[in-house]
Amino acid sequence: AFLYEGATLEAIGITTFSDNAADSGGGVYVWAGSFSGAQLEGNDAIYGGGLYFFDGGVASDVLAILNTSFHGGGAVVHGPVVLDNVTLSLNDATMDAGGVLVEDGSLLCEGTTHIDDNTTDEDGGGGMIRDGSITDCDFDGNYATDSAGGILAVGDFALENVIVSNNSSGVRAGGLYANGPIIGTIVGGELDRNDSVQWGGAIYANNGADVSIDGTDITSNTSDFGAGLYINQGSVITIANSLVEDNVAATTGGGARIGDGDLVSTATDWGADNQDNTPDDVVSGAGGQIYVGYEADETFTCDEQACLPIP
């Protein structure tokens, strides 16, 4: 189906768009229109296996499952898009963004919208964002063979009240992979129970990424190194008014591991007692300076050499 500039398609009864193929929008292509009340299943495209939005649009009461693409297995978003009571689930991308690709656009989730159990053969199991924003969306149970089980960010981005939980990756960034040089902001929301095999259970910041976090819960994530945060290649994470608690690293960096870069903590809780990070709060540098004992309302700065003040 193709909807052009203001067109509206409301499916009546049980309507399924299945087993279709296109370059963009295997199931439905929306050009600044609205679409509601259908199931998109088993469609295939290069971009947007289930849905493709060009110049914005609205989708409501839509189930998009088992769609495939190179980029954006469930959907591709350009321009301002609202998903209301939409499920993007069990979609797959050969390259990136198993669930949704947001590029030069904004995605707002309303109602019971959720993006779950999507996969990719490379990066961004739940989704990918390049120069855009995501608000009030839930990414749960997605998987990436390489990096970013939840969300891959490769351009400037903003996440507001986004829940990234129970996602996993085969290499790095169970939750969010910010691959710079980019600028990103995270306000509210949570990154919880994500897992990566090697680095960065919740967040992996790489290649000069500059990520600011405010009022976000980063809890119960797991990885080999840097279960909460992993900072590498000159990246900077600034975190304020947040929780970094109960994260578990198999080797080092339960709360954070700094390979090469900076961590700035302001008024942030780093756990204590049974909610402490394990086996440590912060490890800085290749030499492995280990810091244990940062607790509630902590303000400190770390680089690859040391953290000050020490706990």
Side-chain angles (χ1 to χ4, degrees), residues 1-89 91 93 95-115 118 124 126-139 151-162:
F2 178 81
L3 307 180
Y4 180 68
E5 288 199 332
T8 299
L9 173 61
E10 181 180 0
I12 305 299
I14 300 174
T15 301
T16 301
F17 295 83
S18 62
D19 302 319
N20 302 290
D23 287 343
S24 299
V28 176
Y29 188 116
V30 180
W31 187 329
S34 62
F35 171 68
S36 65
Q39 179 169 316
L40 311 176
E41 181 176 352
N43 302 289
D44 181 70
I46 297 173
Y47 293 93
L51 279 160
Y52 187 96
F53 291 94
F54 181 80
D55 199 25
V58 177
S60 58
D61 302 314
V62 172
L63 173 63
I65 60 172
L66 299 171
N67 300 287
T68 56
S69 71
F70 282 98
H71 312 277
V76 168
V77 167
H78 298 291
V81 169
V82 177
L83 299 183
D84 185 9
N85 297 327
V86 172
T87 296
L88 303 178
S89 184
N91 302 288
M95 295 188 67
D96 46 57
V100 58
L101 166 61
V102 179
E103 185 173 33
D104 296 318
S106 63
L107 173 61
L108 171 63
C109 295
E110 296 182 342
T112 60
T113 294
H114 52 97
I115 301 160
N118 301 286
M128 184 173 89
I129 184 167
R130 178 188 288 118
D131 300 323
S133 65
I134 300 175
T135 304
D136 295 336
C137 297
D138 187 349
F139 293 79
I151 302 171
L152 169 67
V154 293
D156 291 352
F157 71 93
L159 305 180
E160 183 172 356
N161 298 326
V162 173

How long is the gap from SG on C109 to NE2 on H114, to the nearest 0.5 Å? 10.5 Å
Are any of the side-chain heavy atoms of E110 and D136 separated by less than 4.5 Å? no
Per the side chain to side chain contact (heavy atoms under 4.5 Å, CB included) rule, which among P80, C137, S133 passes with L107? C137
Check ring pair (Phe, Tyr, Trp, His ring centres under 6.0 Å) between H71 and all other residues, then give those that pass, not counting sequence neighbours. Y47
Check I46 against S69 and note the closest heavy-atom contact, atom names and distance. O-CB, 3.8 Å
Without swapping roles, check the side chain of N118 against the backbone of G127 for a donor-acceptor pair under 3.5 Å. no
For side chain to side chain contact (heavy atoms under 4.5 Å, CB included), just list the numbers for L83 and L88, CA-CA rounded to whole Å, side-chain angles, deciding distance to a tenth of an Å, and then say yes or no. CA-CA 10 Å; L83 299 183; L88 303 178; 4.3 Å; yes
Contact check, side chains of I134 and V100, non-hydrogen atoms, under 4.5 Å: no
List for me each residue that meets ring pair (Phe, Tyr, Trp, His ring centres under 6.0 Å) alongside Y52, sequence neighbours excluded, and say none if there are none. Y29, H78
Run the side chain to side chain donor-acceptor pair (under 3.5 Å) test on T112 and N85 for me, step by step, so that the C-alpha distance in whole Å, both residues' side-chain angles and the decisive distance to 0.1 Å come before the verdict. CA-CA 5 Å; T112 60; N85 297 327; 3.1 Å; yes
Could you tell me which residues satisfy ring pair (Phe, Tyr, Trp, His ring centres under 6.0 Å) with F54, sequence neighbours excluded, listed by chain and number? W31
With sequence neighbours left out, the residues meeting side chain to side chain donor-acceptor pair (under 3.5 Å) with D44 are T68
Do you know the tightest heavy-atom contact between G79 and V77? O-CG1, 3.6 Å
If you compare all heavy atoms of D138 against all heavy atoms of T113, which two are closest, and at what distance to 0.1 Å? CB-O, 4.4 Å
Within residues 18-27 or reaching into it, pairs that qualify as side chain to side chain donor-acceptor pair (under 3.5 Å) - sequence neighbours excluded: N20-N43
Specify the closest pair of heavy atoms between A45 and G25, including all atoms of both residues, with the distance to one decimal. CB-N, 3.9 Å
Residue pairs involving residues 97-107 (criterion side chain to side chain donor-acceptor pair (under 3.5 Å); sequence neighbours excluded): E103-R130
Main-chain N/O of V58 paired to D84 side chain as donor or acceptor, under 3.5 Å: no
When rounded to the nearest 0.5 angstrom, what is the spacing between OG1 in T135 and CD in E160? 5.0 Å
With a 4.5 Å cut-off on side-chain heavy atoms, are L51 and F35 touching? yes
Over all atoms of both residues, closest heavy-atom pair of F17 and G27: CD2-O, 4.3 Å
What heavy-atom pair brings N67 and A64 nearest, and what distance separates the two atoms? ND2-C, 3.6 Å
To the nearest 0.5 Å, atom CG of N91 lies from atom CG of L40 at 9.0 Å
